[in-house]
Protein chains: 2
Amino acid sequence: MDTLETVRTAPRPGLRERKKQRTRDALLRAALGLFTAKGYERTTVDEIAEAVGVSQRTFFRYFASKEEAAFFVARLAESHFLAALRERPPGEPPLQALRRAVLDSWDTIGEAIEQLVPLELHMRLYRVIESTPALLAAHLRRATELEEEIARVIARREGLDVDADPRPRLVVAVFGAVMRVTERIWSAGDDVSLAAIRELAASHLDQVGPALVGNWRGK
Amino acid sequence: MDTLETVRTAPRPGLRERKKQRTRDALLRAALGLFTAKGYERTTVDEIAEAVGVSQRTFFRYFASKEEAAFFVARLAESHFLAALRERPPGEPPLQALRRAVLDSWDTIGEAIEQLVPLELHMRLYRVIESTPALLAAHLRRATELEEEIARVIARREGLDVDADPRPRLVVAVFGAVMRVTERIWSAGDDVSLAAIRELAASHLDQVGPALVGNWRGK
DNA sequence: AGGCTAGTGACAGCGACTGACACATGACAA
DNA sequence: TTGTCATGTGTCAGTCGCTGTCACTAGCCT
């Protein structure tokens with residue numbers, strides 16, 4: 001509610017506000033640092049709070065849960081993608097619009113993240129998410145919530161009602177499925193860079209159509 | 001490890017064994033009953049244990065977590081589906097094999113479930129899962145684990161290596177995505193019957209191909 | 001019959017999270 | 001500048017999911 005808006009509308013945030021920002025950033029960085037260093041489950045909220053020098057209660061005033069801290073940066077990327085999608089020209093077929101939106105948003109998301117935390121930290125966090133059952137579960141649930149929102153955007157583009165025509169949800173679900181496979185393969189590989197996941201995603205989106213119509217014998 | 005195997009190999013389960021079975025079944029039914037009656041989050045493990053007349057500690061000896069109890073029946077359905085998939089003739093294209101396997105397995109899963117808990121309870125539980133964030137998250141994670149296993153089955157059928165060729169994972173992910181959309185729409189509707197979800201799934205699987213190639217104007 | 005073992009209850013403890021209350025410190029008006 | 005007030009914070013107590021430990025008891029096996 002008052003993240004970036006306030007910064008822009010208010011000329012000087014005031015001392016109180018700045019202190020809050022600093023505390024929240026410190027908590028976030030401490031949390032992500034600990035998560036990637038010793039694992040999500042093995043870091044307690046008390047440790048995060050102590051690393052920043054505040055009480056555990058204060059941590060929970062900034063983040064509704066330990067989980068929320070882990071996905072704070074991911075939320076940035078999501079809204080980044082949504083914005084890119086909404087800017088696609090209306091004439092584009094749905095799947096193509098989705099494809100262009102991800103690839104485009106990955107072109108610029110790096111800088112936005114870097115303002116919050118070191119990019120490399122975010123990348124390493126991805127591996128932690130993928131390998132921590134509780135986080136992976138949360139990630140998937142968040143992904144389906146995002147998909148619901150995307151489906152509505154697609155439906156509007158095509159002048160359809162999400163509840164009457166299943167096709168918007170279907171394309172978006174397929175798109176999301178391809179993204180999940182991509183994330184999985186990417187995070188398991190060696191090259192954990194934005195360029196690498198971009199390339200993988202493009203390749204997978206190219207293959208998903210042909211893969212559906214078996215048979216595969218003709219390679 | 002000793003669920004169905006033991007029952008079949010041993011002629012008489014012995015008094016000790018039967019008592020265990022009864023306790024586990026009682027715990028399961030009490031849990032599902034309470035989950036559907038007053039919601040998952042609002043039922044404590046203590047309540048479940050007390051309803052059966054055992055200690056909380058005993059509940060955790062039968063179920064690794066409160067969550068596990070909620071998905072106990074779902075696991076049955078999963079292995080049922082996997083069995084059906086493995087029986088599909090090798091010549092069938094992947095997506096068709098998957099389609100036939102779900103539809104077939106839904107033809108017979110009802111009876112298998114009824115032996116454990118009332119079928120209607122299981123159906124109502126589905127709505128609880130879909131509307132409880134923590135359970136939905138767990139469900140999605142379990143689903144992707146299942147998908148990984150399915151991908152391996154498909155890969156073997158086609159003589160491919162899952163790690164070298166992304167196509168098995170891609171088809172399976174698309175299939176899983178369609179199933180998720182189906183579950184979602186089904187659990188939100190009025191007709192929560194096996195027949196209804198069967199029909200929905202078939203319809204969605206028919207539509208997913210055409211939906212990918214935009215445009216949809218020529219509906 | 002008697003020793004062995006597996007299932008259980010009781011208890012203590014950890015970690016995520018919440019509510020209540022009291023205090024202190026910036027914000028703002030007089 | 002000062003006094004009031006709102007707001008961020010620490011402390012404390014408590015709930016709930018979950019785990020380790022230990023002693024006990026009831027089935028099992030010879």
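Throughout, a chain's letter reflects where its sequence line sits, starting with A, and its residues are numbered from 1.
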Visitor: Distance check needed: D/dT25 C1' versus B/Lys19 NZ, whole Å only.
Guide: 10 Å

Visitor: So, taking the atom named CZ in A/Phe59 and the one named CG in A/Asp46, what distance separates them when rounded to the nearest 0.5 Å?
Guide: 10.5 Å

Visitor: Which nucleotide in the set D/dC12, C/dT8, C/dC17 lies at the smallest distance from any side-chain heavy atom of A/Arg57?
Guide: D/dC12

Visitor: Among D/dG17, C/dA27, C/dG7, which nucleotide sits nearest the side chain of B/Arg16?
Guide: C/dG7

Visitor: What is the distance from NZ of B/Lys38 to C1' of D/dC16, rounded to the nearest Å?
Guide: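 Computing the B/Lys38:NZ to D/dC16:C1' distance gives 13 Å.
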
Visitor: Among the candidates C/dT18, C/dG7, D/dG10, find the nucleotide nearest to the side-chain atoms of A/Gln56.
Guide: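 Of the options given, the side chain of A/Gln56 lies nearest C/dT18.
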
Visitor: May I have the distance from B/Glu17 (atom CD) to C/dG7 (atom C1'), rounded to whole angstrom?
Guide: 11 Å

Visitor: Using a 4.0 Å heavy-atom cut-off across all strands, classify A/Phe59 as base, sugar-phosphate, or nothing.
Guide: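 No contact.
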
Visitor: Is the ring pair A/His139/A/Phe71 parallel, tilted or perpendicular, if the boundaries are 30 and 60 degrees?
Guide: parallel

Visitor: Rounding to an integer number of Å, can you tell me how far A/Tyr62 OH sits from D/dT9 C1'?
Guide: 9 Å

Visitor: Within this structure, what is the CD-to-C1' distance between A/Glu50 and C/dA16, rounded to whole angstrom?
Guide: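 These atoms are roughly 17 Å apart.
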
Visitor: Out of D/dC18, C/dC17, D/dC16, which nucleotide sits closest to the side chain of B/Ser65?
Guide: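 Nucleotide nearest to B/Ser65's side chain: D/dC18.
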
Visitor: Under 4.0 Å: is that the gap between some side-chain N or O of A/Lys20 and OP1 or OP2 of D/dG8?
Guide: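 So the side chain of A/Lys20 is within the cut-off, an N or O lying under 4.0 Å from OP1 or OP2 of D/dG8.
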
Visitor: Going by an N to O cut-off under 4.0 Å, is there a salt bridge joining A/Lys20 and A/Asp25?
Guide: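 No.
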
Visitor: In whole angstroms, how far is the P atom of D/dT21 from the CZ atom of B/Phe60?
Guide: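 Going from B/Phe60 (CZ) to D/dT21 (P), I get 17 Å.
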
Visitor: Decide yes or no for B/Thr132 and B/Leu136: does some side-chain heavy atom of the first lie under 4.5 Å from some side-chain heavy atom of the second?
Guide: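 No. Closest side-chain heavy atoms not under 4.5 Å.
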
Visitor: Rounded to the Å, how far apart are B/Arg22 CZ and C/dG7 P?
Guide: 15 Å

Visitor: Within the supplied structure, the quantity of interest is the number of heavy atoms (other residues, nucleotides, ligands) at a distance under 6.0 Å from A/Arg127 CZ; does it exceed 12?
Guide: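 More than 12 within 6.0 Å, yes.
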
Visitor: Tell me if the side-chain of B/Arg61 makes a donor-acceptor pair with the base of C/dG9, cut-off 3.5 Å, by modelled atom types.
Guide: yes

Visitor: Rounded to whole angstroms, how far apart are CZ on A/Arg24 and P on D/dT9?
Guide: 12 Å

Visitor: By nearest atom, which of the nucleotides D/dG8, D/dC18, C/dA16 is closest to the A/Val45 side chain?
Guide: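 Nucleotide nearest to A/Val45's side chain: C/dA16.
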
